[in-house]
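Shown next, in structure tokens, is the structure this report addresses.
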Amino acid sequence: MSFDLMVIGAGPAGLSAAAEAASHGLKVAVFDENALPGGQLFKQIHKFFGSKEHKAKMRGIDIGIELLEETDSLGVKVFLNSPVVGLYKNREIVVRQKETVRHFKADSIIVATGASENLLPFDGWTLPGVMGAGAAQTMMNINRVKPGNRVLMLGSGNVGLVVGFQLLQAGCELVAIADAAPRIGGYGVHASKLTRTGVPFYLSHTIMRAEGRENVTGVVIGQVDENWQHIPDTEKHFEVDTICLAVGLSPSAQLLKMAGCKMSQNGTPVCDKSGETSLYNIFAAGDVSGIEEASSAMIEGRISAAAAAKKLGFISEKSFQKRSGELDAALSELRQGMFAPQNRNAPLEKTDEGFNISKSLLKKGYITEEEISEYPGFKPGAGIRPVIECTQNIPCDPCRDICPKGCIKVENIVSLPVYDENTNCTGCGLCVAACPGQAIFLTDDRPGKVEEGKVAITIPYEFLPLPEKVGPGMAYDRSGAPLCPAYVSKIQESAFLGKTPLVTFVVPKNMAMRARFWKAV
Amino acid sequence: MRIINHPILGEAAPRKNITFNFNGEEMTGFSGEPIAAALRANNIIIHRYTRKFHSPRGVFCAIGRCTDCVMIVNGRPNVRTCVTALEEGMTVTTQYGAGGGA
């Protein structure tokens with residue numbers, strides 16, 4: 001069987017590549033070793049960052065459904081349960097299907113085999129109960145089984161933070177997040193979502209040992225100095241049944257190596273701007289060509305597919321220039337800000353606007369009250385208004401796009417959002433639900449709506465059970481410390497909120513800029 | 001351990017309950033789910049013991065990469081239970097070493 005283009009891997013990059021190529025008229029086949037397409041996209045149940053064109057504020061799972069509809073409607077042939085076991089430079093592949101091996105040929109190949117989780121050896125690391133953060137995600141979000149009851153997460157990058165939050169959503173207890181690095185590696189807003197629920201961070205800490213004979217029954221972490229050496233007498237013990245490792249990803253580039261692609265020192269293939277490797281018409285897209293977010297992988301897939309379409313004569317040079325210009329622009333937007341690949345090891349000190357980055361946010365996972373008042377989204381005042389606690393330059397702007405009254409300004413995609421006080425916030429709450437970082441809250445002290453001396457605070461609340469209306473409870477501050485009794489005055493759920501319910505609770509007015517979470521008592 | 005209701009994923013869709021055999025004990029699981037998921041739901045997390053040091057192993061990557069979760073399934077050793085679908089009447093056995101015999 002032969003095709004114009006074969007794509008290896010049906011994850012975000014591969015499916016996007018297939019859709020793009022098929023839209024230009026190529027006959028496309030996708031091969032994947034799994035029983036279902038989508039790669040790791042269907043376990044990403046959080047809202048993505050970015051702009052509308054990057055499918056921001058959509059959850060990975062919904063982006064996956066949309067991509068599959070697109071490839072289906074374009075007639076892309078997807079071979080499942082079909083691991084590609086051989087790739088050759090004349091653009092042939094060998095595929096294992098059941099007990100047989102089949103051979104396919106194409107004019108062009110895009111390798112989108114993704115990445116696999118890194119592991120970290122420590123005493124007891126092979127015990128049942130130690131697993132990759134991605135494994136925990138698969139167990140809970142795909143298989144719908146809790147990976148464990150009490151979990152410690154090692155790694156504070158976005159994977160550790162996002163999976164940590166998903167563990168809470170699945171009903172697990174997250175006892176702590178530890179990281180040997182001196183600062184939280186992922187987005188501050190992801191960390192803050194955890195901190196306010198009471199999850200502690202231990203930076204400059206790593207795992208000393210996992211305890212248990214047959215399976216994990218506990219874990220000991222200890223502090224490390226700036227040379228990663230253990231500092232004696234700093235051990236902390238936690239009773240856990242599960243330890244999750246979120247210590248990075250490595251490209252799954254074995255096929256590319258096998259075919260003889262020129263590889264760089266960091267294990268990625270050497271590619272040109274369109275993702276073409278050193279082998280003619282063999283491309284690499286997505287995590288296999290360098291670890292980034294799924295949003296970037298999807299654009300990379302399309303860039304490679306457009307280039308393949310041009311090289312095979314399916315589109316003219318002119319239409320290729322137009323299309324690749326659009327895609328390059330979208331990709332370079334995602335590669336901006338303080339967490340962009342090129343800034344990975346840069347110190348986080350000031351925002352582009354010149355504001356100080358919260359030290360507390362980087363060390364403890366929350367912004368202090370003194371620090372938060374600096375930022376342009378934080379404007380306490382009377383009436384109903386959004387309070388935007390977004391303090392790092394991350395490419396993301398759904399808050400601006402969704403506000404029907406234009407209350408929120410985001411100058412360029414990585415700028416901190418600014419609340420414009422000369423607009424009329426109606427308190428619709430769309431920004432609260434849309435913010436992928438869950439960093440926007442509403443405060444409301446309008447007379448007649450809220451009792452004298454009190455303030456109603458609206459928060460995103462993606463947990464079960466939802467509070468009872470007028471249910472008694474406790475308000476918590478950003479650090480997860482209990483503040484004061486608070487009753488729930490409103491619970492909002494609607495399709496417009498994208499499965500992020502809004503909970504409004506009432507506290508004394510002096511708590512308006514402190515209360516950021518609610519728990520039942 | 002089953003997640004019946006989930007704030008984002010909603011209520012679990014009804015799935016077909018089946019029985020399977022784990023080390024001689026009858027257990028229930030859902031048809032088509034990974035064997036490893038059914039075992040976890042039954043609180044079984046030790047899948048095998050290594051050949052040299054007899055140390056226990058369980059699910060590590062859950063996507064068919066690491067082979068830590070292999071077991072003897074219907075008499076066949078080294079089956080990756082995290083990516084193999086559970087079927088009615090399946091026999092799942094803890095694997096010792098390479099699983100070639102006791």
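Every heavy atom of this structure was used, including side-chain atoms; hydrogens, water molecules and symmetry mates were not. So you know, we letter chains A, B, ... as the sequences are listed, proteins then strands, and number each from 1.
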query: Looking at A/Gly132, A/Ser252, A/Ala135, A/Pro465, which one has more heavy-atom pairs under 4.5 Å with chain B than the rest?
result: A/Ala135
Within [range], which residues come under 4.5 Å of chain B, heavy atom to heavy atom?
range	result
residues 138-150 of chain A	A/Thr138, A/Met139, A/Met140, A/Asn141, A/Asn143, A/Arg144, A/Val145, A/Lys146, A/Pro147, A/Gly148, A/Asn149
residues 112-119 of chain A	A/Ser116, A/Leu119
residues 163-173 of chain A	A/Gln169, A/Ala170

If you count the non-hydrogen atoms of other residues, nucleotides and ligands that lie under 6.0 Å from [atom1] in [X], is the total more than 12?
X	atom1	value
A/Glu239	CD	no
A/Lys193	NZ	yes
A/Gln97	CD	yes

[X] to [Y] - nearest heavy-atom pair and separation:
X	Y	answer
B/Pro7	A/Leu464	N-CD1, 3.4 Å
B/Phe60	A/Val130	CD1-O, 3.3 Å
B/Ile8	A/Lys499	O-CD, 3.3 Å
B/Val59	A/Met131	O-CB, 3.7 Å

Need one label for [X]: side chain, backbone, both or neither, based on atoms under 4.5 Å from any heavy atom in chain B.
X	result
A/Arg213	backbone
A/Lys47	neither
A/Gln40	side chain
A/Ile61	side chain

task: Evaluate side-chain contact (heavy atoms from CB on, under 4.5 Å) for A/Glu33 paired with B/Val83, printing each intermediate quantity in order.
output: CA-CA 10 Å; A/Glu33 62 183 338; B/Val83 290; over 6 Å; no
Heavy-atom contact with chain A under 4.5 Å, split by part of B/Arg2: both
query: Under a 4.5 Å heavy-atom cut-off, does chain A meet the side chain of B/Phe30, its backbone, both or neither?
result: neither
- prompt: How about residues 12-28 of chain B versus chain A: which residues have heavy atoms under 4.5 Å apart?
  reply: B/Ala12, B/Arg15
Value rounded to 0.5 Å, distance of CG in A/Asn215 from CD1 in B/Ile45: 4.0 Å
